[in-house]
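The next block holds one structure in the form of structure tokens; read it before the comments.
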Amino acid sequence: MRSPMKPQVMLALAALLPACGGGSSVATRRPLPSPTAAPSPRPTVAPSPSPTLAPAPMLTLAAPQELGFPDEPFRKDEPAAAAPRAFVPPTVQRFQLESGIDVFLVERHTIPTVTVRLAFEGGGIEDPPGQEGLISLCVSLMTDGTEKLDKLAFEAALADLASSIGSEAGADWQTFSMSALTRNLEPTLDLFVDSLLHPGMRQDEFERNTRRRIEALRAVRGSVGGVAGRVQSSVIYGPRHPHGRIITEAAVGKYSLDACKAHAKTLHPRGARLFVAGDITAEQVKASIGARLASFTGSSKAAKAKVPGAPAPRPGKIFFVDVPNAPQSVIALMHVGPARTAPDYAQTMLMASVLGVGFTSRINMNIREQKGYAYGARGGFDYTRKFGTFTAGGSIRTDATVEAVKEIFAEIDKMQKGGPDESELLREKTGTVLALPARFETAGATLGTFEGLTYFGLPLDYYASYIPKVQAVTVKAAAAAAKKYLKPKELRVLVVGDAKAVLPGLRELAQKGLLGKGGITLLDADGNVVPEQPAATKKPPETVPPPG
């Protein structure tokens, strides 16, 4: 509560207000002179002589310094890096809760926090035809409150605890996660388990989520990056493949709250995987999490999880989506790649790093540093559970789009034929080894690392032998991986940009077959094929009758 202002302070402020230009009270305002009154004579005051100012000192610049550079012999060579310190990945404890959930625990007692992630099989692969994106919306809706707490009350309870709870779904996975301070673990777990077993599933939240998705879909249509992100997977996997289907506004309009409620009931503990990292022990996991999930029964879909078929890329070579007046283009050169579990993964990963992963990669040095076509360009392999894809490209200046496509294609072709050299390979091997501890830097990163291993079916001690495998890769082995897995002739090229500026050059590439056979296909922002517009028929000039 404010204290009353002292009288002397109020008087001082009142006197200052007129001088400051602020509002003044009636008591302090001077009366205006009468328009008929003669002005009062003022005494004549002799002007004071102006003081003589001394001239300002001139600013002088310092003379250029003569620089001398030491030329000791040791400065000619770059200092050698110290030997990498031994790194031992954290130990994972494996056990099972009474409900049948498989637990993967990494104890980290140096920081008083606990991070939990519960993963189920399924995801977008279960979306009904014409309702792409349904499972993703349903899973996110499950953590928008509980039966007892609406979204605002649920978020307020989490804010009071400085905790977080979230959920998301991909094509073939669904994850529910939480993070909390150790001292607030128990009440956070109450909220976490309640959202899983008794989600609110309110109509107003369902409608809000669907509106947000529709507005997001409308927003990306004017962005070359957003459009490219929508269409890219459909080009390389095929529009009917679970990893290639595109979410549309029409699909979102077919969602229903009842479908989401039904999906929530399909989640069961047996076969699910619980990843825990932080300031907690195995006994505490069983007592705190296991006890709360005691009523959670049934078998997950792990035993009968759907496995999508192999990618079926769209027929064609160049695919173009028009975004009128776009100031830049997004390009992506793609083909199907090896699985994450391929035995020569280390060789492939290092070769791809030299080609396009890092800042000093060949593609980035060409497109950014040498040509100045973009701020950056990259390339490398991405993986789903059973398949891999190779992609290279970036956001390119509109006027350099076609040239950038040719340059990236040439870099891929050059690597496929020759592989990396010794210095490039050594650089990437050193960087890979030194970056390994970052995979376990935080509790969240640790969970993500081990969750990825289980997702791909790799052993949990995979990183215990990772460094020797990386260090053992030779130039010959990396070149063999390039020859085996880089396939320039099979590349599909996606370009999203301004048709007026870009399409003529792409047509020339397609006609000359400079990237291979296949022609050019026009797509819209939803991945639908746009038929070619026939050339306009020229009308004969109208005959104007002579005057008169």
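Computed from heavy atoms alone, side chains included, the values below leave out hydrogens, waters and symmetry copies.
Here the closest non-hydrogen pair linking Val530 and Leu523 is CG2-C, 3.6 Å. Heavy atoms only, all atoms of each residue included: Arg292 and Leu197 are closest at O-CD1, 4.2 Å. In terms of heavy-atom proximity, Ile247 sits nearest to Gly133 at CD1-CA, 3.6 Å. Considering all non-hydrogen atoms of both residues, Leu196 and Leu267 come closest at CD1-CD1, 4.5 Å. Minimum heavy-atom separation, Gly388 to Tyr383: CA-CD2, 3.9 Å. The two residues Ile331 and Thr401 come nearest to each other via the heavy atoms CG2-CG2, 3.9 Å.
You'll find the side chain of Thr248 stays beyond 4.5 Å of the side chain of Leu217, heavy atoms only. Side chains of Leu105 and Phe95 form a contact here, defined as non-hydrogen atoms less than 4.5 Å apart. Contact of the Asp322 side chain with the Leu522 side chain is not registered, since no non-hydrogen atoms from C-beta on lie closer than 4.5 Å. Thr182 places none of its side-chain heavy atoms less than 4.5 Å from the side chain of Ile280. By the 4.5 Å heavy-atom criterion applied to side chains, Met201 and Leu257 are counted as neighbours. The shortest distance between side-chain heavy atoms of Gln284 and Val114 does not fall below 4.5 Å. A 4.5 Å side-chain heavy-atom check between Arg94 and Leu460 finds at least one atom pair inside the cut-off. Between Leu97 and Asp102 the shortest side-chain heavy-atom distance does not fall below 4.5 Å.
With hydrogens and angles ignored, the 3.5 Å screen pairs a side-chain donor or acceptor of Ser167 with a backbone N or O of Val139. When atom types are taken as modelled, the side chain of Ser361 and the backbone of Gly358 share a donor-acceptor pair closer than 3.5 angstrom. Proximity of a side-chain donor or acceptor of Thr143 to a complementary backbone N or O of Gly166 within less than 3.5 Å is not detected. In this structure, the side chain of Arg314 does not engage the main chain of Ile236 through any donor-acceptor pair within 3.5 Å. One N or O on the side chain of Thr398 and one on the backbone of Ala326 form a donor-acceptor pair closer than 3.5 Å. Under the 3.5 Å distance criterion, the side-chain polar atoms of Asn184 are matched with a main-chain donor or acceptor of Leu161. Within the 3.5 Å criterion, the main-chain N or O of Asn528 finds no donor-acceptor partner in the side chain of Asp526. Put simply, the side chain of Ser223 never gets that close to the backbone of Val220: no donor and acceptor are under 3.5 Å apart. Under a 3.5 Å cut-off, the side chain of His241 and the backbone N or O of Gly309 do form a donor-acceptor pair. A side-chain donor-acceptor contact under 3.5 Å links Asn364 to the backbone of Ala377.
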**Request:** Check the pair Glu490 / Lys317 against salt bridge (charged side-chain N to carboxylate O under 4.0 Å, His left out), numbers first and verdict last.
**Result:** CA-CA 8 Å; Glu490 297 182 14; Lys317 174 59 63 175; over 6 Å; no
**Message:** side-chain contact (heavy atoms from CB on, under 4.5 Å), that's the test. Do Ile101 and Leu118 meet it? Break it down for me.
**Reply:** CA-CA 9 Å; Ile101 296 177; Leu118 181 58; 4.1 Å; yes
**Asked** Which is it for Glu215 and Arg211 under the salt bridge (charged side-chain N to carboxylate O under 4.0 Å, His left out) test, yes or no, and what are the steps along the way?
**Response** CA-CA 6 Å; Glu215 292 303 321; Arg211 286 196 303 270; over 6 Å; no
**Prompt:** Should Arg340 and Asp382 be marked as a salt bridge (charged side-chain N to carboxylate O under 4.0 Å, His left out) after you check the CA-CA gap, both sets of side-chain angles, and the distance that decides it?
**Reply:** CA-CA 8 Å; Arg340 174 62 179 83; Asp382 294 312; over 6 Å; no
**Item:** side-chain contact (heavy atoms from CB on, under 4.5 Å) between Arg218 and Glu249, intermediate numbers included
**Value:** CA-CA 8 Å; Arg218 292 172 178 171; Glu249 297 170 39; 3.4 Å; yes
**Message:** Is there a side-chain contact (heavy atoms from CB on, under 4.5 Å) between Leu191 and Leu149? Walk through the geometry before answering.
**Reply:** CA-CA 9 Å; Leu191 295 171; Leu149 300 175; 3.8 Å; yes
**Request:** Could you please spell out the steps behind the side-chain contact (heavy atoms from CB on, under 4.5 Å) verdict for Val495 and Val330?
**Result:** CA-CA 6 Å; Val495 179; Val330 170; over 6 Å; no
**Evaluation steps, salt bridge (charged side-chain N to carboxylate O under 4.0 Å, His left out), between Arg202 and Glu147** = CA-CA 9 Å; Arg202 292 174 172 80; Glu147 291 179 354; over 6 Å; no
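Within a 6.0 Å radius of CD in Glu441, no more than 12 heavy atoms belonging to other residues, nucleotides or ligands are found. For Ile214, the CD1 atom sits in a packed shell: over 12 heavy atoms of surrounding residues, nucleotides or ligands are nearer than 6.0 Å. Annotation for Lys386: atom NZ does not count as buried by contact number, only 12 or fewer foreign heavy atoms lying within 6.0 Å. Counting non-hydrogen atoms of other residues, nucleotides and ligands closer than 6.0 Å to NZ of Lys489 gives a total of 12 or fewer. The number of heavy-atom neighbours closer than 6.0 Å to CZ of Arg208, taken from other residues, nucleotides and ligands shown, is above 12. Glu207 CD: more than 12 foreign heavy atoms inside a 6.0 Å radius.
A cation-pi contact, defined as under 6.0 Å to the ring centre and within 45° of the axis, is absent between Lys487 and Phe390. Remark: Arg273 fails to qualify as a cation-pi partner of Phe104 under the 6.0 Å distance and 45° angle criteria applied to the six-membered ring.
Distance check: Tyr455 OH to Arg385 CZ gives 5.0 Å after rounding to the nearest 0.5 Å. Interatomic distance, CE of Met351 versus CD of Glu428, reported as 12.0 Å (0.5 Å rounding). The CG atom of Leu458 lies 6.5 Å from the OG1 atom of Thr341; values are rounded to the nearest 0.5 Å. The distance from the CG atom of Asp144 to the CZ atom of Phe154 is 8.5 Å, given to the nearest 0.5 Å. The structure places CG of Asp258 at 9.0 Å from CZ of Phe206, a figure rounded to the nearest 0.5 Å. One finds the CH2 atom of Trp173 at 12.5 Å from the OG1 atom of Thr384 (value rounded to the nearest 0.5 Å).
Checked against the 6.0 Å centroid threshold, Phe450 and Phe440 count as a close aromatic pair.
Checked for salt-bridge contact, Glu132 and Arg245 meet the test: a charged N lies under 4.0 Å from a carboxylate O. Residues Asp344 and Lys484 are paired through a salt bridge, judged by an N-O separation under 4.0 Å between the basic side chain and the carboxylate.
Screening Arg108, Arg439, Glu451 against Thr446 for a side-chain hydrogen bond (donor to acceptor under 3.5 Å, both in side chains) leaves a single residue, Arg108.
The aromatic rings of Tyr462 and Tyr466 are tilted relative to each other, their planes meeting at an angle between 30° and 60°.
When only modelled atom types and interatomic distance are considered, Tyr255 and Asn209 share no side-chain donor-acceptor pair under 3.5 Å. For Glu168 and Ser140, the side-chain atoms include no donor-acceptor pair closer than 3.5 Å.
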